[in-house]
Amino acid sequence: MSRISDKQNRIRLSDVRSPKDIKGLSGDGLNALADEIRHTLIHTVSESGGHLASNLGIVELTLALHSVYSCPKDKIIFDVGHQSYVHKLLTGRYNEFPTLRMEGGLSGFPKRSESEYDAFNTGHAATSISAALGMAHARDINGTDEHIVAVIGDGALNGGLSYEALGDLGHNKTNMLIILNDNEMAIDRNVGALSGHLSELRSSYRYLHIKENVKRNISRLPVFGRSLYSLLEHGKDALARLFVHDRFFSSLGLNYFGPIDGHDTEQLIRYLTRIRHISGPVILHVITQKGRGYLPAEKSPEHFHGVTPFDEKSGAPVNAEIARKNSKTVGETLCMLAQEDSSVVAITAAMSDGTGLNDFARRFPERFFDVGIAEEHAATMAAGMAASGLKPYFVVYNTFAQRAYDEILHDACLQNLPVRILLDRSGFVGEDGETHHGLYDFAYLRHMPNMRVFAPADERELQHMILLSRYADYPLAIRYPRDASVMPPYVTSDLPLGKWERLRPGRDGTLLAVGSMVSTAIMIRDKLIKEGLELSVVNGSSVCPLDNEMLCEIAAQGAPYFTLEEHSLPCGFGSAVLEECHKRAIAMPLKCFGLEKEIYTQGTITQLKRAAGLDEETLETEIAAAIRRKKELDDERTN
Ligand SMILES: Cc1ncc(C[n+]2csc(CCOP(=O)(O)OP(=O)(O)O)c2C)c(N)n1
């Protein structure tokens, strides 16, 4: 480390334009900057909401990475990417930081389009090692010499893709570094056998107690007087002797170092500087504390994993939740089912709280399964359970179920096994942006043999569907948004699964809406009545199968009709209706409303719907105009 004066050893965060500005900082200078970063994180996230605890835990590690590596030439890939705020602050985005997660503002995840320092877009877990290995192969083929680093949490390391990548990396012996950021937590406490192994490593080293000893030893490592190769090899062995011997990573062909204290920036810099020159794949195990430096988050890291705006002083949310969450209904209904039926089991992939299963876990621990971030495994395990007579409910965020496409098709649908998949956070999710919207499920589920797909219009229908799904002898999915409808359409009857319901009458046409769009359709109807148009509203709660009886009835009315969905138009609900109309040679919808094949980024759900033309005002105008245009054309034809 260069010798610099006290004055040179200070930089304000607002003056950091690029990582070059922090190179050479040491001791107090690094600590002061870390404090300022924490202050900025807490202040900004208290206003914007976002992923706080993971970022508070990775401040020193990110400082050390940018002190040692030369980005953007060197590449750092953040797994999930929810912990990339500190990286953003150090790579020239301080001034824009207050726009975090807002429409048109900084993304809460790394984005190549946002900065040359963001090496790879992330959002879903367990992609970093694969992406890094791809970049390492490209470097080797291109004959360049950049360093490639994947930063992955102990939770994301649980994901199946990580294991596939580790196996390939160990076999290829490519130069790259994996930093295992181990805070013993995913969103909740981490689960799984690997997590147990990491605890063993932690306790066998007692890294905090012998930290000073390690510092002394590392400063004695030989630095000069040999060829670079033997120096580095010697360095590697000498380094390795300072650490715990690990069986797991070593057996995969990786050089394991650690565990080390992830909050001692100077020590991290020393290790990274040495490790940078070791050839072959290296894994550095770093211990961090989730929520570090903010008492409410230290006490309750799971609640500060992802937060809505909060009061900085107390940590309490500033806005009382207005809408009831659908996950509450799901959790309560599954508890009711489990109480009555001992074959009902619930599965989550590391999202117990978010999916509403905490109560179930407490009341029925032997029938609750948290598999960690392992959606593919969860789906096939559910199929195995169903094959043996259990009634599995896999409750998962819509976007993460995408991971399990083949498992749902190959293991549940082709064998017609009654796996029940409850898709939470369906439709737009808001501030997390494009990696997290749940917009593709009808498309990837409805063509699967035996699969049935339902979308309730309100909380009551959601409960009704879950209760009925207990008797299903086929695989099914039920999709619902995070919040219960603020204006519930109050579905009136208790129809069997697969039946649509006409909720409002109308002579001038029909709004055939699904899920969250049903209440929107009712509001549009109310407005259009004032313009002299009376539209009927049908709740198209079954996407697969369609209710063909009702569809034929709507088509036979001779009045224009429209489909409305908060889902991608290609292969969505409207497409299903069009296909069926074509097959039966009946009148088609005049227009299908939904989402184009585009990337919808971040914003509030209201802003996103407006941008997509799915807001009430736009729909009302477009529907009224389409009906008038059709009437004019019909009149022209008859005259
Ligand atoms: C495939 C997938 N499933 C679930 C999630 C939701 N998720 C986001 S972060 C997270 C926990 C990650 O834990 P870890 O990797 O240890 O990072 P930490 O937040 O503890 O730093 C989960 C489950 C996700 N992003 N991707």
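Because the structure is a prediction, the values reported are computed rather than measured. Both counts, for ligands and for their atoms, begin at 1 and track the order of listing.
- Counting the atoms of ligand 1 from 1 in the order shown, those under 4.0 Å from a heavy atom of Gly153 are 14 (P), 15 (O), 16 (O).
- Glu114 and Arg93 are joined by a salt bridge, as a carboxylate oxygen and a charged side-chain nitrogen come within less than 4.0 angstrom of each other.
- Looking from atom 26 (N) of ligand 1 to the surrounding protein, the closest heavy atom is Ala125 N, 2.9 Å.
- Every atom of ligand 1 is numbered from 1 in the order shown, and the set under 4.0 Å from a heavy atom of Gly123 is 25 (N).
- Of the listed residues (Asp154, Asp79, Val80), the one carrying the non-hydrogen atom nearest atom 8 (C) of ligand 1 is Val80.
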Take Ile187 and Asp353 through the test side-chain contact (heavy atoms from CB on, under 4.5 Å) and record every step on the way to the result.
CA-CA 9 Å; Ile187 292 179; Asp353 186 40; 5.8 Å; no
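- Of the protein's heavy atoms, Ala156 N, 2.9 Å lies nearest to atom 15 (O) of ligand 1.
- Taking the charged nitrogens against the carboxylate oxygens, Arg202 and Glu184 do have a contact shorter than 4.0 Å, which makes a salt bridge.
- Under a 4.0 Å N-O distance rule, the pair Glu298/Lys290 does not qualify as a salt bridge.
- Distances from atom 4 (C) of ligand 1 to the heavy atoms of His124, Glu375, Glu302 put Glu375 nearest.
- Counting atoms of ligand 1 from 1 in the listed order, those under 4.0 Å from a heavy atom of Ser54 are 18 (P), 19 (O), 21 (O).
- Closest to atom 23 (C) of ligand 1, if we only count protein heavy atoms, is Ile373 CD1, 3.5 Å.
- Between Arg479 and Asp441, at least one side-chain nitrogen of the basic residue sits less than 4.0 Å from a carboxylate oxygen of the acidic one, meeting the salt-bridge criterion.
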